[in-house]
J.: 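The structure's right below; bear with me while I get my questions together.
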Amino acid sequence: MNLLSMFRKPKKDDIFEIFPDGILVVSMDGKILDVNLSALNILGFSKQDLIGSYFSQYIQGGSVLLNKLVQGGNISVTKAAALGKEDIFVEVSAAKSENSDKVYVSIRNITQNYKMQNMINGEYEIAKKIIDEKNSYLKGISQELFSLLNSVVNFSKALNDGVGGPLTDKGLKYASIINKNSSELLYDLERLFKYFEVESNLYAYEYKKIDLADLLAGIVKSYEQIFAKKKLPFSYDFSSFDTRNAYLDPNAVETVVKILLDISSRTTDIGTVSLNAGNPPLEFLQAKGFDIEDENIRKLYAMLEIKDSGLILPQTVVENIFNPYYLDETLTKKQIGIKMSFSLCYKHVKNLKGDMWVYSKSGRGTLTCILLPMEKV
């Protein structure tokens, strides 16, 4: 054995043969000039079969595909003829030699992965179609369901108000329970059905030029009264807006803000609630991975913060706050309703090309941050 040969640099021909991907050298008129061992193993043909034959005989797309790959410098997936078996799928890339009129083509067999991905995609499309059809059906019948529940809510309220005559203490108690439970069920179902609508893209977004600060100011006016009735301190501040004009769907933004304030008005009894909005600090954008070299980037986004010092969410709830279908034995009925509300908000925010985060800590309460683009993305 020549030990020195073990330490010599590999020759160009050696690299060509041991390269893990299949390599075909193709002339400008589309003929195969050379192939390596990996290409022979992938296609199953002999070297004599391939050399002198046209590239298009074995790789679907032929010269048209080669020109596209050489000019674009990208990768494509196509079919390839294989000896003695059905067509395989290969990942193809190509580059033209600088010193000669040759094209070097790399092929990699991805048949198993490709078929698996197609199967997964097919199953996903089937599942999505079923979900979309289900959600469309539920959206269609939702008003009938809400009408039935409203009847229960209104009838139990009428009983409490004495429309049917005086009730005993026990009757008043039961009527109050029925009214409370039916009202909460109606509220939760409305959130659930709205989520179905957004989940299946049944909600049509209508973008408009709006003054975001004015929109938010209009929302908080009605909630000042709601929080005042609960004797819950409520504050808001929109002074950090440098740019107030935005191109968004005002109904979607209003829905998100109202849902988050509803959570506080319905679940918090002790504490404080605040809504602050403006263009985000550069430090926040940097922490979220934005390039802040241009300081004007902050004017391209709006950040909304809703703080509720009385709302404490368990860590397991926070970790799955945007997944309405996540359930475990620790979740209470109130937390399930809160998760559905946050999930609906998150769907709207993501569809508006924004992002949303929720933080909750004992002694500090819950903070919801929303980042929205001021212009349509």
Side-chain angles (χ1 to χ4, degrees), residues 176-177 179-192 194-195 213 215-240 253-278 280-281 284 302-324 326-349 354-372:
S176 296
I177 292 173
N179 182 257
K180 179 176 180 296
N181 289 343
S182 58
S183 297
E184 290 180 354
L185 177 60
L186 177 61
Y187 181 84
D188 289 344
L189 279 179
E190 286 175 341
R191 293 289 175 268
L192 179 64
K194 285 293 182 184
Y195 182 84
L215 176 67
L216 296 173
I219 295 171
V220 298
K221 282 184 180 179
S222 59
Y223 280 88
E224 281 184 307
Q225 300 175 4
I226 294 172
F227 286 118
K229 286 181 180 179
K230 292 194 70 173
K231 297 182 179 179
L232 199 63
F234 173 56
S235 62
Y236 54 91
D237 182 7
F238 310 140
S239 61
S240 60
V253 175
E254 184 174 353
T255 296
V256 169
V257 176
K258 284 185 173 181
I259 287 175
L260 295 174
L261 292 177
D262 276 345
I263 292 173
S264 297
S265 67
R266 295 172 69 89
T267 61
T268 302
D269 296 316
I270 300 175
T272 60
V273 180
S274 65
L275 167 61
N276 299 324
F284 177 86
M303 185 171 76
L304 285 65
E305 289 185 338
I306 296 179
K307 298 178 183 178
D308 185 338
S309 67
L311 177 63
I312 309 296
L313 300 174
Q315 190 59 33
T316 54
V317 173
V318 175
E319 290 172 355
N320 300 280
I321 197 71
F322 301 136
N323 180 4
Y326 174 83
L327 295 173
D328 64 31
E329 65 278 0
T330 66
L331 286 173
T332 64
K333 179 184 177 299
K334 182 173 76 173
Q335 290 168 356
I336 292 173
I338 289 173
K339 280 177 77 280
M340 180 56 66
S341 295
F342 274 111
S343 297
L344 175 56
C345 291
Y346 183 72
K347 276 288 185 183
H348 272 307
V349 170
D355 213 342
M356 182 172 170
W357 302 269
V358 176
Y359 311 93
S360 191
K361 191 171 183 179
S362 180
R364 295 188 180 181
T366 297
L367 170 65
T368 303
C369 292
I370 297 172
L371 191 68
L372 290 173

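Side chains included, hydrogens not; waters and symmetry mates left out as well; all remaining heavy atoms used.
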J.: Provide the closest heavy-atom pair for G271 versus P233 in the form atom of the first, atom of the second, distance.
T.: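 Looking at all heavy atoms of both residues, the shortest contact is O-CD, 3.3 Å.
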J.: Between V256 and L304, does a side-chain contact (heavy atoms from CB on, under 4.5 Å) hold up when you go through it step by step?
T.: CA-CA 11 Å; V256 169; L304 285 65; over 6 Å; no
J.: Keeping S309 on the side-chain end and T272 on the backbone end, is there a donor-acceptor pair under 3.5 Å?
T.: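 The answer is yes, because a donor-acceptor pair under 3.5 Å joins these two groups.
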J.: Identify the heavy atoms of C345 and M356 that sit nearest to each other, and give their distance.
T.: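 The answer is CB-CE, 3.8 Å.
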J.: Provide the closest heavy-atom pair for Y326 versus T316 in the form atom of the first, atom of the second, distance.
T.: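 Heavy atoms of Y326 and T316 come nearest at CE2-O, 4.5 Å.
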J.: Is it the case that the side chain of T268 and the backbone of S265 share a donor-acceptor pair, with hydrogens and angles ignored and the cut-off at 3.5 Å?
T.: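 Not at all, since once roles are kept as given, no pair shorter than 3.5 Å links the two residues.
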J.: Under 3.5 Å, side chain of Y223 to main-chain N/O of K258, donor-acceptor pair present?
T.: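 Confirmed, Y223 side chain pairs with K258 backbone.
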J.: With side-chain contact (heavy atoms from CB on, under 4.5 Å) as the test, would you mind laying out the steps for I177 and N181 before giving the verdict?
T.: CA-CA 6 Å; I177 292 173; N181 289 343; 3.4 Å; yes
J.: Could you give me the CA-CA distance, side-chain angles and deciding distance for L344 and H348, then say whether side-chain contact (heavy atoms from CB on, under 4.5 Å) is met?
T.: CA-CA 6 Å; L344 175 56; H348 272 307; 4.0 Å; yes
J.: For residues S274 and S235, is any side-chain donor paired with an opposing acceptor at under 3.5 Å?
T.: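 The answer is no; no qualifying pair exists.
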J.: I want to check something: taking the side chain as every heavy atom from C-beta on, are I226 and F234 in contact at a cut-off of under 4.5 Å?
T.: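 With C-beta onward as the side chain, the pair stays apart.
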J.: Hey, could you give me the CD/CG distance between E305 and D237, rounded to the nearest 0.5 Å?
T.: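 Answer for the CD-CG pair, E305 versus D237, is 10.5 Å.
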J.: Rounded to the nearest 0.5 Å, what's the gap from OG1 on T267 to CD1 on I312? Could you check?
T.: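 Those atoms lie 10.5 Å apart.
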J.: Report the distance from atom CG of L261 to atom CZ of F227, rounding to the nearest 0.5 Å.
T.: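 Rounded to the nearest 0.5 Å, the CG-CZ separation comes to 5.0 Å.
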J.: Any chance CD of Q225 has more than 12 other-residue heavy atoms, nucleotides or ligands included, within less than 6.0 Å?
T.: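 It does not: Q225 CD has 12 such atoms or fewer within range.
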J.: Show the nearest heavy-atom pair for residues A277 and S240, with the distance to one decimal.
T.: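 Of all heavy-atom pairs spanning A277 and S240, the closest is O-OG, 3.2 Å.
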J.: Determine the minimum heavy-atom distance between I306 and V257, stating which atoms define it.
T.: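 Result for this residue pair: CD1-O, 4.5 Å.
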J.: Can you find a pair of side-chain heavy atoms, one from W357 and one from L367, that are under 4.5 Å apart?
T.: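 W357 does not reach L367 side chain to side chain.
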J.: Taking the side chain as every heavy atom from C-beta outward, state whether P281 and M303 have any pair of such atoms under 4.5 Å apart.
T.: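 In short, these two side chains touch, coming nearer than 4.5 Å.
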J.: Mind telling me whether Y346 and F322 have parallel, tilted or perpendicular rings, with 30° and 60° as the class edges?
T.: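 The rings of F322 and Y346 lie parallel, inter-plane angle below 30°.
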J.: Any luck finding a side-chain donor-acceptor pair between R191 and Y187 under 3.5 Å?
T.: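 Result is yes, a qualifying pair exists.
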J.: Return the CD to CD1 distance between Q315 and I321, rounded to the nearest 0.5 Å.
T.: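 Atom-to-atom, Q315:CD and I321:CD1 are 10.5 Å apart.
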J.: In Å, rounded to the nearest 0.5 Å, how long is the span from OG1 of T255 to NZ of K347?
T.: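 The OG1 atom of T255 sits 16.0 Å away from the NZ atom of K347.
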J.: Would you give the length of the straight line joining atom CD1 of I263 to atom OG1 of T366, rounded to the nearest 0.5 angstrom?
T.: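 If we round to the nearest 0.5 Å, I263:CD1 and T366:OG1 are 9.0 Å apart.
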J.: With sequence neighbours left out, write down each residue that passes side-chain hydrogen bond (donor to acceptor under 3.5 Å, both in side chains) with S341, or none if nothing qualifies.
T.: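 Result, side-chain hydrogen bond (donor to acceptor under 3.5 Å, both in side chains) vs S341: none returned.
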J.: Any side-chain heavy-atom pair from L260 and I370 closer than 4.5 angstrom?
T.: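 Of all side-chain heavy-atom pairs linking I370 with L260, at least one is under 4.5 Å.
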J.: Does K230 have any side-chain contact (heavy atoms from CB on, under 4.5 Å) partners at least two apart in sequence or in another chain, and if so, which?
T.: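 K230 satisfies side-chain contact (heavy atoms from CB on, under 4.5 Å) with L232, D269 only.
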J.: Could you tell me whether K194 and E190 have a side-chain N and a carboxylate O separated by less than 4.0 Å?
T.: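 Salt bridge absent between K194 and E190.
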J.: For the residue pair S264 and V273, what are the closest heavy atoms and their distance?
T.: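 That would be CB-CG2, 3.8 Å.
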J.: Carefully, step by step, assess Y359 and R364 under the rule side-chain contact (heavy atoms from CB on, under 4.5 Å).
T.: CA-CA 10 Å; Y359 311 93; R364 295 188 180 181; over 6 Å; no
